[in-house]
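Numbers restart at 1 for each chain; the letters A, B, ... are given by sequence-line order, proteins then strands.
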Amino acid sequence: MPVYLAIIVLVVVAAVWAPATLAPAGLEAIAPLGTFLAITALGQMLVIMTGGIDLSVPGTFLLGGLLVVGVGQQSDDRIWVALLTAIGVAALVGLVNGILIGGLKLNALIVTLAVGQVVGGVANRYYNQVAIQKPVPPGLSDWAAGDFLGVTRIFWVGVVLTLVLVVVFRFTGVGRRFQVVGANPVASHVLGLRVNLNQVAAYVVAAVLYAMAGALLAADIRAPGVTVGAPYLLGPIAAVVIGGASLTGGLASPVSTWAAAFFLAGLNQMMRVMGLPTALQFVVFGLVIVGGMLVSGDRIIKAVERILRDRSRPGRRKEGSLAVEGGEP
Amino acid sequence: MTTGGPQGGSAGPVTVLELSGVSRQFGAVRALTDVSFDCRAGEVHALVGENGSGKSTLLGIASGFVEPDRGSVVIGGKRLRTDSPALARKLGLAMAYQDTSLVLSQPVKNNLYLAAPPDDRPPYWRRKKWARRLLGEFDLDMELFPDVPAGFLTLAERQMFEVAKALVSNPKVLLLDEPTTALGPDEVEALHRTIVACRSRGVGVVYVSHRLPEVLEIADRITVLRDGRARGTFDAKTTTEHELVDLIVGRPFEAAFPPSSLDSRVQRDVLVVDGLQGQSFGPVTFTLQSGEVVGVAGAEGNGQPQLFDTLAGRTPPRAGRVVCDGIELTLISTHEAVKSGIMLLAGDRKREALMPVLGVRVNSTVQSLRKFSVLGFLRGRAERKSVRGLVQELEIRTPSLEQPVEFLSGGNQQKVSVARTFLRDPAVILAYEPTQGVDVGSRFDIYKALRVRTEQGAALLVKSSDPLELSGLCDRVLVMSRGTIVEEIPGDELDEMRIVEAIVRGPGVSRSGRSPFGVAMPKSPVESETR
């Protein structure tokens, strides 16, 4: 699992060159940022497992955050209404994506890009008319500011969502079918599984996750600006890929994706601590994503195996051991 | 063509391709074990064996696509070090692929241009003239216009052109992988003429085919592969077809079918198909009874796959009625078909039947998850127990229940598919080429497993291109031609010859006069309708 290796490398590098990253204050900054990225990445992971991709994340994310502000009207009585509205609207956005892609078989890249534009536009207008520079209900931001076991509550929401996905995939029929459909949609269709339904469901659940992340971010920073969604276009995709999923669909691990999101958040934090110029931060971030794609999957392990095998080739004088191997029935 | 034959008249034949001690393993499957094979300049060396005997792997290794675990490849005296097709080509090896490697959207001239080594390419704007000249030189009896997109060629033309493409690079060794599957007798003759011409120019030709008469006609030497091991190399002049068959099969084939389970006391109609019409087949009318195994025979391309797809709900029918277990089906979705008890064992296992990256357990239970779940949660222990039992019963050879099925052999993959029918009690099983790419040993297990299902009341419809398999396995056989059933052969008349005769007599075949076993006949109803 290259993700965990990457995290170890990151921790070592940070400990040597930017110890402030690992100081309590640094970790406190990473926990919420990593969680927002992790939750959006989990949504993106579901979509990628079906062989699709979702570029409407920033729009849905922003809309989710703004709806909590706008519908919440700074009143603690309206917290739940606001959250449910955000989730419901996001589900609708996901449904549009899902029907266009899973039902009508349009190209996921273009559809989600277009839908993301529309949603982003609507969110912008909504911001200017309703939510401009207004905070979320105080009850929500107070809740988000609180700790559980010494870590922000936001972090635990991410953990719970990850665990829910783990349980769904490992122990439920729904999760199993979803994985099967991702692994081979053609065969799944022959076998009578509802491939389209699973694809649509992926986009709906994913959109709900984006909105939840957006709402959490709004709760964290109280008054979300109009650009909060921007980092969540590439970030989640990078996390999914570094987490070991293949962009052509199939299997993926929620835990690895979650860990990869924290790796990226940690990297970001470290670069800030080191005081790298923003421009340079982008460069490093991009390079790490490409590097992550290079080492994702078991490519490294395979490469090492091949090197070992090539090494052993000229010196294969030990015919005895080979004979034993060949004698197996 | 810039150079003549290499070392044509020198003393003693030169070995142009030499594989020594080659082994290759895919997961738990030993595709090749310590195989040595060589081809001399100016000879045709045939490689024969069943599906899954390791022929393709051997060719893959020789052509640089597959890296051997052990052993070496020497082409034209130089060792092929890395698994690089480009390097193999540079060393003088060319291959004509079975599933052709043409760029279908591009015209013939561009395909040819692409295939030529950069030094031999003409100026780009002159490639049409160049292509026409070359195609004439190869004498393949093809009237190809260089401007025709390769996708417009018939299957037979594509196959011939594939050989032409391989010859463009002026190779020392030419590998032909089943070059005649789509060809009629005249074209086979033309191809053989070209091969003989190559041979006399000093090219070494490796000819892979399962058609023994052709092999005996063209080859100088013949190597038999079975279960990934070489079973000997023989002089074609002194070998008979019969000897080769014995070596290929490895055991007498007659006894390899389970007895019929047809029980006249409990018969009832489980599937009634009445006037069913669909894409390029129909109207088709027949009835399947419980416990019955019914075969579907016919030359390829006469509507069999379309009939199976429609019955499985993959393509909606145009007209007609299908009643399964007393319930009329709409056949508009696979979900409905499976729910009403029709299960398809698809022919293209990797693409249409299995989730290659998932394990044996997950693959076996995809269609019966409800059986193992309580309130949506899976009971892992019950699932594992059930699958473990099936792995034993069907003798699925796998290191563990979690082994990804892509690493299993064809036979074991098919057994995983068959295992699904044990977990669902279907009324009808549709088996499309159930033993394609399955080794002889597993075949019997699969027949036996399918018979167990029919003994428990299911009806089985089998499409097979192997008349021997149909006559051994089935209770009766329907012969299809041009999309309709032209003949029904009852059980007491069933034998291989009878089926072959029925196929050859079918109206779809006699007109073009092509071999009944050709994979596709250019003028088949499929193509003429979709035009």
Side-chain angles (χ1 to χ4, degrees), chain A residues 49 51 164 167-198 244-246 248-253 297-298 302-303 305-310 312-319 321-323 325-329, chain B residues 21 23 25 30 33-34 67 69-70 72 81-83 309 312-314 333-340 342-346 348-359 361-363 365-380 383 404-406 417 420 424 430 432:
Chain A
M49 282 174 79
V164 165
V167 169
V168 166
F169 281 150
R170 291 200 71 148
F171 301 113
T172 72
V174 174
R176 176 75 66 79
R177 286 192 198 96
F178 186 80
Q179 285 173 302
V180 166
V181 169
N184 187 346
V186 177
S188 302
H189 178 244
V190 174
L191 296 174
L193 299 182
R194 291 185 169 114
V195 178
N196 300 352
L197 193 73
N198 274 288
S246 150
T248 51
L251 294 181
S253 150
D298 44 13
K302 271 191 187 146
E305 266 176 6
R306 183 176 308 152
I307 290 166
L308 288 179
R309 207 167 51 201
D310 283 352
S312 68
R313 232 177 231 165
R316 56 177 275 263
R317 293 283 136 75
K318 296 179 191 163
E319 292 294 337
S321 63
L322 293 176
E325 211 181 306
E328 178 198 323
Chain B
S23 299
Q25 194 158 353
R30 282 170 181 280
T33 314
D34 196 23
E67 197 177 8
D69 295 332
R70 234 171 275 142
S72 66
R81 284 195 188 278
T82 46
D83 50 341
D309 279 354
R314 293 182 70 187
S333 78
T334 53
H335 187 75
E336 182 214 22
V338 173
K339 228 169 88 183
S340 17
I342 299 180
M343 286 177 82
L344 171 68
L345 303 182
D348 187 347
R349 276 191 297 274
K350 274 236 166 78
R351 251 173 52 79
E352 302 184 339
L354 299 169
M355 325 295 150
V357 293
L358 298 179
R361 174 178 56 90
V362 176
N363 265 289
T365 57
V366 251
Q367 288 180 296
S368 38
L369 289 175
R370 201 149 293 160
K371 201 171 151 178
F372 299 109
S373 42
V374 179
L375 299 172
F377 281 85
L378 296 168
R379 291 181 296 140
E383 188 194 8
V405 292
E406 62 185 328
S417 282
R420 290 177 185 147
R424 252 199 102 98
L430 308 171
Y432 195 87

Quiz item: Side chain, backbone, both or neither: which part of Ala353(B) has a heavy atom under 4.5 Å from chain A?
Solution: backbone
Exercise. Please determine, among Leu354(B), Leu344(B), Thr365(B), the option with the most heavy-atom pairs under 4.5 Å with chain A.
Key: Leu354(B)
Quiz item: Looking at Leu378(B), Val338(B), Leu369(B), which one has more heavy-atom pairs under 4.5 Å with chain A than the rest?
Solution: Leu378(B)
Quiz item: Picking from Met355(B), Arg420(B), Arg370(B), which has the most non-hydrogen pairs under 4.5 angstrom with chain A?
Solution: Met355(B)
Quiz item: Given the options Lys350(B), Arg314(B), Glu336(B), which has more heavy-atom pairs under 4.5 Å with chain A than any of the others?
Solution: Arg314(B)
Quiz prompt | Contacting region of Leu251(A) [heavy-atom separation from chain B under 4.5 Å] | solution = side chain
Exercise. Apply side-chain contact (heavy atoms from CB on, under 4.5 Å) to the pair Glu383(B) and Ser373(B), showing each step before the final yes or no.
Key: CA-CA 9 Å; Glu383(B) 188 194 8; Ser373(B) 42; over 6 Å; no
Exercise. Can you see which heavy atom on Gly182(A) is nearest to which on Pro185(A), and at what distance?
Key: O-CD, 4.0 Å
Quiz prompt | Distance (rounded to the nearest 0.5 Å) between Lys339(B) NZ and His335(B) NE2 | solution = 4.5 Å
Quiz prompt | Residue pair Thr334(B) / His189(A): nearest heavy atoms and the distance that separates them | solution = OG1-O, 2.6 Å
Quiz prompt | Distance in Å, Phe169(A) CZ paired with Met49(A) CE, rounded so as to fall on 0.5 Å steps | solution = 4.0 Å
Self-check item: Rounded distance [0.5 Å steps], CG in Leu191(A) versus CE in Met343(B)
Solution: 7.5 Å
Quiz item: Can you tell which of Val190(A), Val174(A), Val167(A), Leu193(A) has the highest number of heavy-atom pairs within less than 4.5 Å of chain B?
Solution: Val190(A)
Quiz item: What part of Val168(A) is in contact with chain B, defined as an atom under 4.5 angstrom from a non-hydrogen atom: side chain, backbone, both or neither?
Solution: neither
